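Just so it is clear, the model here is predicted, and its values are computed rather than measured.
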Protein chains: 2
Amino acid sequence: MKTQSAVIERLLKYRDVMQKMKGLGFVRVFSDNLADAVGVSPSLVRKDFSIFGLTGNKRGGYQMEELIAKLNIILGKDRKQKIIIIGCGKMGRALINYNGFPRVGIRVAAGFDSDPAVLDEAAPIPILHISKIKDFITEKGIQVAVLTVPEPSAQSIIDSLKKTCIKGVINFAPVSLRSSENFIIQNINVEQEIENIFYQIHFADGAASSGEESK
Amino acid sequence: MKTQSAVIERLLKYRDVMQKMKGLGFVRVFSDNLADAVGVSPSLVRKDFSIFGLTGNKRGGYQMEELIAKLNIILGKDRKQKIIIIGCGKMGRALINYNGFPRVGIRVAAGFDSDPAVLDEAAPIPILHISKIKDFITEKGIQVAVLTVPEPSAQSIIDSLKKTCIKGVINFAPVSLRSSENFIIQNINVEQEIENIFYQIHFADGAASSGEESK
DNA sequence: CCTTTTTTGTTATTAAAATAACATATTTTT
DNA sequence: AAAAATATGTTATTTTAATAACAAAAAAGG
Ligand SMILES: NC(=O)c1ccc[n+]([C@@H]2O[C@H](COP(=O)([O-])OP(=O)(O)OC[C@H]3O[C@@H](n4cnc5c(N)ncnc54)[C@H](O)[C@@H]3O)[C@@H](O)[C@H]2O)c1
Ligand SMILES: NC(=O)c1ccc[n+]([C@@H]2O[C@H](COP(=O)([O-])OP(=O)(O)OC[C@H]3O[C@@H](n4cnc5c(N)ncnc54)[C@H](O)[C@@H]3O)[C@@H](O)[C@H]2O)c1
């Protein structure tokens, strides 16, 4: 059975919203609140919770403290989530120095690059030569990598990662790499997102396909 | 009528694949080829094309040259797509200097920041003070912005952009901003994607919700 | 020139996801 | 303490998306 990632995406959003509400002093939350915040129906919120056995009070909603704790366990946030960054150019370095990761329990263990000029083995988050990646992954038990190398290198790196204990990759190269049975790839394609927005805008202006009636 | 962005996402992928095939010397393509490359069924490929009146030959598939040209018009790639980057920190600068944009006809017109230390009005892609943004947008007719400011500033910037001719935004701040009727927001939440992958991996290892039977 | 093969374009079917509905439990009010 | 109000948890319904099926057109083969 496969739990589809749209549900998890929403769980992550519910948790985020609750964390913020908690910061404002709230203690309880209702499915209507979360629905409004995330942009779905209240019944979907309750159904999502129901799937994971998360329950509230028939009146009085959900205790956030408790719910957040349970969500964190479901989402694996009770352990440190170590990642590595492959390709330490402009994008890779932005990610290595990103201060949003520690806040959510994600830890960048190291960066890797093939260019000797960018290596820095002594830094708090070291940038190591790509030749050392296999040993590092094995030794530290890394399971997730972020790929920020030029597009032509992306697929071959994926192929070699498949021979390690890496099980999931975020790919920033503008090519849609495909997940396989036990190797998950999540593509983040910035130019595609921008192109998509331009289409939506253009379309909204009334330029539909040739013979399309508006409704 | 709203054309859902999943279809557009696929059109963009079909086009990418065809561009690559063309580079390899191919002239024609079949729905089966595109289906394999993108990971959908051949009938979906044909249906997607059909929505936009893109036709092929009952035998012999589609002429790529012609199809790519038509797709480009549908996707608005016949005009330059100008964007601005708001927030020129680590992520914003990576985007400003990203060499993948020109290749697909996206042009970064300028960056904007509130910190005087990062401004650079003379650069090829100038980094201007945020106070100049409204005039710039109006003058250059910018419709799309990329938001790379810290999370607490994101919503207020969106609110002020809504008073300009900006119609769409890519938001990198880790908060789910919501689209409205004629203002599209596409969130790219890197930490969320990583957390999602960690969940999938963890789940694949057999840690389902309490009482789940496998199938 | 007729038959066979192939691949489109479209319709029918299936599958999946989201919403709506409602009975049930719990609190509040009178 | 009974009645009213409220919000959950689950089932039913609707909506949306994807696949499968197939008739018709075009090319290829004999
Ligand atoms: N810069 C951006 O804002 C941006 C935005 C979206 C997507 N991307 C994508 O991210 C990737 C990186 O972009 P960038 O702008 O940082 O490029 P970049 O050229 O600045 O950095 C690429 C880095 O990868 C390293 N590299 C190349 N081949 C390698 C290999 N086989 N093993 C290890 N390291 C290798 C290079 O030495 C370089 O340091 C590209 O695929 C790009 O399309 C970048
Ligand atoms: N660095 C990354 O790799 C990364 C990854 C994912 C998401 N993000 C997100 O992108 C955003 C930027 O991240 P960063 O790492 O580049 O941060 P950063 O601190 O390096 O850069 C933020 C920039 O925004 C500017 N700024 C702040 N308020 C502003 C305002 N009101 N108007 C104009 N400019 C303003 C600051 O002066 C600074 O230059 C954050 O929301 C972050 O969560 C960053």
Taking atom types as they are modelled, would you say the side chain of A/Arg59 forms a donor-acceptor pair with the base of C/dT27 within the 3.5 Å cutoff?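 Answer is yes: a donor-acceptor pair is held.
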Below 3.5 Å, does any donor atom in the side chain of A/Lys47 face an acceptor in the base of D/dT10, or the other way round?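 No.
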Please state whether the phosphate of D/dT8, meaning OP1 or OP2, lies under 4.0 angstrom from any side-chain nitrogen or oxygen of A/Ser31.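 So the side chain of A/Ser31 is within the cut-off, an N or O lying under 4.0 Å from OP1 or OP2 of D/dT8.
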Could you tell me whether the phosphate oxygens of D/dG9, OP1 or OP2, come under 4.0 Å of any side-chain nitrogen or oxygen in A/Ser50?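 Looking at the OP1 and OP2 atoms of D/dG9, neither is under 4.0 Å from any side-chain N or O of A/Ser50.
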For atom [atom1] of [X] and atom [atom2] of [N], their distance in whole Å:
{"X": "B/Ile51", "N": "C/dT8", "atom1": "CD1", "atom2": "P", "answer": "16 Å"}
{"X": "B/Asp48", "N": "C/dT10", "atom1": "CG", "atom2": "C1'", "answer": "14 Å"}
{"X": "A/Phe49", "N": "D/dT10", "atom1": "CZ", "atom2": "C1'", "answer": "16 Å"}
{"X": "B/Glu66", "N": "C/dT8", "atom1": "CD", "atom2": "P", "answer": "14 Å"}
{"X": "B/Asp36", "N": "D/dT19", "atom1": "CG", "atom2": "P", "answer": "12 Å"}
{"X": "A/Phe30", "N": "C/dT26", "atom1": "CZ", "atom2": "P", "answer": "16 Å"}
{"X": "B/Arg46", "N": "D/dA23", "atom1": "CZ", "atom2": "P", "answer": "15 Å"}
{"X": "A/Asn57", "N": "C/dT28", "atom1": "CG", "atom2": "P", "answer": "11 Å"}

Can you find a pair of side-chain heavy atoms, one from B/Val144 and one from B/Val169, that are under 4.5 Å apart?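 B/Val144 vs B/Val169: side chains apart.
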Nearest to the [X] side chain among [options], which nucleotide is it?
{"X": "B/Lys58", "options": "C/dA20, C/dT10, D/dA25", "result": "D/dA25"}
{"X": "A/Ser43", "options": "C/dT19, D/dT8, D/dT19", "result": "C/dT19"}
{"X": "A/Asp32", "options": "D/dT8, D/dT19, D/dG9", "result": "D/dT8"}

If we count only N and O atoms by modelled type, under 3.5 Å, do the side chains of B/Gln155 and B/Asp159 hold a donor and an acceptor together?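 Yes, a side-chain donor-acceptor pair sits under 3.5 Å.
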Which part of the nucleic acid does A/Arg28 contact within heavy-atom distance under 4.0 Å: base, sugar-phosphate only, or nothing?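 No contact at all - A/Arg28 keeps every heavy atom at 4.0 Å or more from the nucleic acid.
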Need one value for A/Tyr62: base, sugar-phosphate or nothing, where a base atom within 4.0 Å counts as base even if backbone is also close, heavy atoms only.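 Answer is sugar-phosphate: A/Tyr62 comes under 4.0 Å of backbone atoms only.
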Indicate yes or no: does B/Glu195 engage A/Arg15 in a salt bridge with an N to O separation below 4.0 Å.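 Salt bridge flag = yes for A/Arg15 with B/Glu195.
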Inspect the contact between A/Glu66 and A/Arg28 and indicate whether a charged nitrogen and a carboxylate oxygen are less than 4.0 angstrom apart.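 Looking at A/Glu66 together with A/Arg28, the answer is no, because their closest N to O distance does not fall below 4.0 Å.
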Taking atom CD of A/Gln19 as the centre, does the number of heavy atoms from other residues, nucleotides or ligands within less than 6.0 Å exceed 12?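 Result for CD/A/Gln19: enclosed.
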